[in-house]
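Before any comments, here is the structure.
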Amino acid sequence: MINTNLKFLRKQTGLTQSQLAEKLNIKRSLIGAYEEGRAEPKLSTLVNISKLFNITLDVLITKDLPATSTESNSMAVQRPNRGNLRVLAITVDRDDKENIELVPQRASAGYLNGYADPEFIEELPRFRLPMLSTQGTHRAFEISGDSMLPIASGTVIIGRFIEDWSSIKDGTPAIIVSQKEGVVFKRIFNKMKNEAALYLHSDNPAYSPYQIQVEDILEIWEARAYISNTFPIADFSLNKLTSIVLDLQQEVIKLKKA
């Protein structure tokens with residue numbers, strides 16, 4: 001039981017045997033021996049494993065975690081983030097492939113408390129998109145407001161879970177989940193190194209950018225796609241039309257010279 005549970009937990013967290021061995025401060029060969037059932041971990045090692053994956057010793061030793069996850073189609077796994085491990089609740093289909101859970105607007109407030117709860121996540125609508133990359137964990141959020149126009153209120157943003165926040169590039173559009181701001185869709189400008197903060201910018205210039213401390217953030221999901229029943233409206237303002245006409249005139253002049 002311990003061997004299959006250890007292998008299951010390691011794979012769900014995306015750790016190699018070497019990485020897990022380093023975190024437990026033991027040799028990599030021991031991890032292989034534990035997973036293959038050729039050796040039993042010492043009590044001190046079992047305690048460290050349970051602490052690392054945030055589960056009780058009783059669950060680690062007596063519960064068949066792979067079977068449990070298949071039966072319930074939901075689980076809470078640990079994902080590395082800024083050098084630490086934390087809970088990310090997910091659901092899987094019959095083939096053990098991760099679903100895309102949808103967080104509608106009405107569930108946004110509840111998501112702040114239930115984002116790490118497998119039972120809450122299992123109650124959310126879920127779907128799959130064959131054309132979306134199978135790399136990483138994805139989640140969908142229905143946004144509200146006009147701060148990111150031309151993406152309209154009610155649009156569903158599909159985000160990929162970001163594990164290492166320090167790697168976020170400036171201008172990255174993302175869903176940011178925090179205790180103070182709730183669920184918001186903004187462009188991120190990374191100030192973690194010097195200020196331990198992120199600056200959030202709206203595409204709508206009517207909204208001013210603001211700062212959020214890293215310690216207040218629960219999750220970040222990089223926007224990878226969106227679903228909307230509202231098509232963006234083209235910008236045909238007087239200034240835009242004038243610019244188009246001037247560009248056409250320049251092209252005509254170039255053609256005449258040629």
Side-chain angles (χ1 to χ4, degrees), residues 1-101 114-124 126 128 132-139 160-168 192 214-215 217-222:
M1 189 79 69
I2 295 175
N3 62 320
T4 56
N5 283 346
L6 180 61
K7 187 174 183 179
F8 171 79
L9 290 168
R10 178 179 64 78
K11 287 192 172 183
Q12 287 298 324
T13 56
L15 295 173
T16 64
Q17 288 186 347
S18 296
Q19 290 170 333
L20 178 57
E22 184 178 351
K23 291 182 179 296
L24 295 175
N25 196 28
I26 60 177
K27 294 181 179 179
R28 189 209 62 78
S29 58
L30 279 177
I31 298 296
Y34 296 157
E35 292 186 353
E36 294 169 13
R38 293 184 285 106
E40 292 287 339
K42 296 186 298 184
L43 178 59
S44 58
T45 302
L46 289 173
V47 171
N48 290 335
I49 292 171
S50 66
K51 288 180 179 178
L52 179 64
F53 294 111
N54 194 29
I55 60 175
T56 65
L57 270 176
D58 179 62
V59 169
L60 177 63
I61 297 172
T62 65
K63 196 169 185 179
D64 188 349
L65 295 180
T68 302
S69 69
T70 302
E71 291 169 4
S72 65
N73 286 330
S74 68
M75 64 187 77
V77 301
Q78 308 288 324
R79 292 294 168 87
N81 183 41
R82 294 175 293 142
N84 299 316
L85 289 173
R86 68 177 186 76
V87 174
L88 175 64
I90 63 173
T91 64
V92 295
D93 61 17
R94 293 180 179 179
D95 297 322
D96 205 29
K97 295 180 180 179
E98 292 187 25
N99 297 308
I100 301 173
E101 299 85 18
Y115 70 97
D117 182 358
E119 292 185 3
F120 175 86
I121 297 300
E122 191 172 10
E123 293 299 317
L124 294 174
R126 48 188 182 267
R128 292 186 59 81
L132 200 64
S133 171
T134 56
Q135 299 297 317
T137 295
H138 294 81
R139 188 153 295 163
R160 180 179 59 81
F161 183 70
I162 298 181
E163 298 176 350
D164 181 8
W165 298 348
S166 63
S167 67
I168 298 174
M192 283 185 58
V214 170
E215 63 186 17
I217 299 173
L218 302 175
E219 294 179 340
I220 301 178
W221 302 79
E222 180 186 0

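Just so you know, these numbers use all the heavy atoms, side chains as well, and skip hydrogens, waters and symmetry mates.
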**Q.** Pairwise side-chain contact, L46 with I2, heavy-atom cut-off 4.5 Å (strictly under)
**A.** yes

Q | Identified side chain to side chain contact (heavy atoms under 4.5 Å, CB included) partner of L9 from the options L52, L60, L20 | A | L60

Q | Nearest heavy-atom neighbours spanning I217 and I220 | A | CG2-CG1, 3.7 Å

(Q) Within the 4.5 Å heavy-atom criterion, are L15 and K23 side-chain neighbours or not? (A) yes

Q. Among L6, T62, D64, which one satisfies side chain to side chain contact (heavy atoms under 4.5 Å, CB included) with M1?
A. D64

(Q) Counting C-beta onward and ignoring hydrogens, is there a side-chain heavy-atom pair between T45 and Y34 closer than 4.5 Å? (A) yes

(Q) Rounded to the nearest 0.5 Å, what separates atom CD1 in I100 from atom NE2 in H138? (A) 6.5 Å

**Q.** I90 and I121, any side-chain heavy atoms less than 4.5 Å apart
**A.** no

Q: Taking the side chain as every heavy atom from C-beta outward, state whether T16 and R28 have any pair of such atoms under 4.5 Å apart.
A: no

(Q) Quick one: does any side-chain atom of E101 pair with a main-chain N or O of T91 as donor and acceptor, under 3.5 Å? (A) yes

Q. Taking C-beta and beyond as the side chain, do I26 and N48 meet within less than 4.5 Å on heavy atoms?
A. no

Q. So, for W221 and F161, which heavy atoms are closest and what is the spacing to 0.1 Å?
A. CE3-N, 3.3 Å

Q. Which pairs count as salt bridge (Lys or Arg N to Asp or Glu O under 4.0 Å) when at least one residue sits in residues 36-47, sequence neighbours excluded?
A. E36-R38

Q | The single option from E222, E98, E219 passing salt bridge (charged side-chain N to carboxylate O under 4.0 Å, His left out) against R160 | A | E222

Q. Taking atom OH of Y115 and atom CG of L218, what is their separation to the nearest 0.5 Å?
A. 4.5 Å

Q. Does anything in residues 2-15 pair up under salt bridge (Lys or Arg N to Asp or Glu O under 4.0 Å), and if so which pairs, sequence neighbours excluded?
A. R10-E35

Q.
For the backbone of K63 and the side chain of N5, can you confirm whether one donor and one acceptor N or O come within less than 3.5 Å of each other?
A. yes

